[in-house]
Amino acid sequence: MSVVYRIALVLVIIGAINWGFIGFFRFDLVAYLFGGQTAVLSRWIYAFIGLAGLISLPILVMRFDEDEDLDTTDLDPYSRIDRNPSYGMEAGEEADFIEVKTTEVKKVEKKDSKNKYK
């Protein structure tokens with residue numbers, strides 16, 4: 001996540017906390033700290049928090065591909081943790097077991113070929 005989005009997210013969190021104070025306690029923290037709602041500094045903070053909310057909108061649909069913490073090299077292909085999950089379900093299509101049958105046939109053929117040379 002870029003620095004701009006992190007700063008915007010911090011400002012949005014500050015705004016959410018301020019709205020929580022207003023909703024629960026009828027106390028405007030920004031107005032209290034910076035000289036009232038009509039003070040210039042308070043209005044600037046309100047404006048920055050509003051812009052941060054607009055900047056944070058793409059975070060709703062952003063795909064976080066830059067996560068290096070998740071090691072997906074040894075995950076099951078049908079796992080929900082996989083980056084490209086399989087949406088198959090129990091009632092969906094069944095797996096094709098043709099390859100399994102052919103490998104069993106090859107094993108039987110190998111055993112028969114060993115018996116021919118005895």
Side-chain angles (χ1 to χ4, degrees):
M1 191 182 285
S2 72
V3 176
V4 173
Y5 283 121
R6 288 182 192 265
I7 292 170
L9 196 56
V10 167
L11 289 173
V12 168
I13 291 170
I14 291 169
I17 291 169
N18 191 47
W19 276 107
F21 280 143
I22 292 170
F24 288 117
F25 308 115
R26 292 186 181 175
F27 176 70
D28 190 349
L29 182 64
V30 173
Y32 176 77
L33 292 175
F34 299 107
Q37 286 183 342
T38 58
V40 174
L41 191 55
S42 294
R43 292 181 62 209
W44 276 99
I45 291 173
Y46 293 136
F48 283 132
I49 290 174
L51 289 174
L54 293 175
I55 291 171
S56 298
L57 284 175
I59 294 175
L60 288 173
V61 295
M62 183 182 295
R63 185 171 176 172
F64 297 103
D65 286 336
E66 61 243 10
D67 292 337
E68 287 108 22
D69 298 338
L70 185 60
D71 183 19
T72 59
T73 55
D74 59 340
L75 291 177
D76 182 30
Y78 300 104
S79 171
R80 291 180 182 233
I81 301 173
D82 191 14
R83 290 194 188 276
N84 297 316
S86 172
Y87 294 108
M89 51 186 249
E90 190 174 320
E93 292 183 26
E94 293 185 17
D96 188 16
F97 292 106
I98 293 174
E99 293 178 17
V100 176
K101 291 178 185 176
T102 57
T103 56
E104 290 176 8
V105 171
K106 288 180 182 178
K107 289 179 185 177
V108 172
E109 288 175 2
K110 286 182 182 178
K111 288 180 184 177
D112 290 340
S113 64
K114 289 180 184 176
N115 292 335
K116 289 179 183 178
Y117 297 114
K118 285 185 178 181

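Along the sequence shown, residues carry numbers from 1.
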Anything under 3.5 Å between a donor and an acceptor, one on a side chain of residues 13-22, the other on a protein residue two or more places apart or in another chain? List them.
from	atom 1	to	atom 2	distance (Å)
Asn18	OD1	Leu29	N	2.9
Asn18	OD1	Val30	N	3.4
Asn18	ND2	Asp28	OD1	3.0

Of the non-hydrogen atoms in [X] and [Y], which two are nearest, and what is the gap between them?
{"X": "Phe34", "Y": "Ala39", "result": "O-CB, 3.4 Å"}
{"X": "Ser56", "Y": "Ala8", "result": "OG-CB, 3.6 Å"}
{"X": "Gly35", "Y": "Ser42", "result": "N-OG, 4.3 Å"}
{"X": "Arg43", "Y": "Gln37", "result": "CG-O, 3.5 Å"}

Report whether [X] and [Y] are members of the same hydrophobic cluster (ILVMFWY, side-chain heavy atoms less than 4.5 Å apart, transitive linking).
{"X": "Trp44", "Y": "Leu11", "result": "yes"}
{"X": "Tyr46", "Y": "Leu33", "result": "yes"}
{"X": "Val10", "Y": "Leu41", "result": "yes"}
{"X": "Leu54", "Y": "Leu60", "result": "yes"}

Do other residues, nucleotides or ligands put more than 12 heavy atoms under 6.0 Å from the OH atom of Tyr32? no
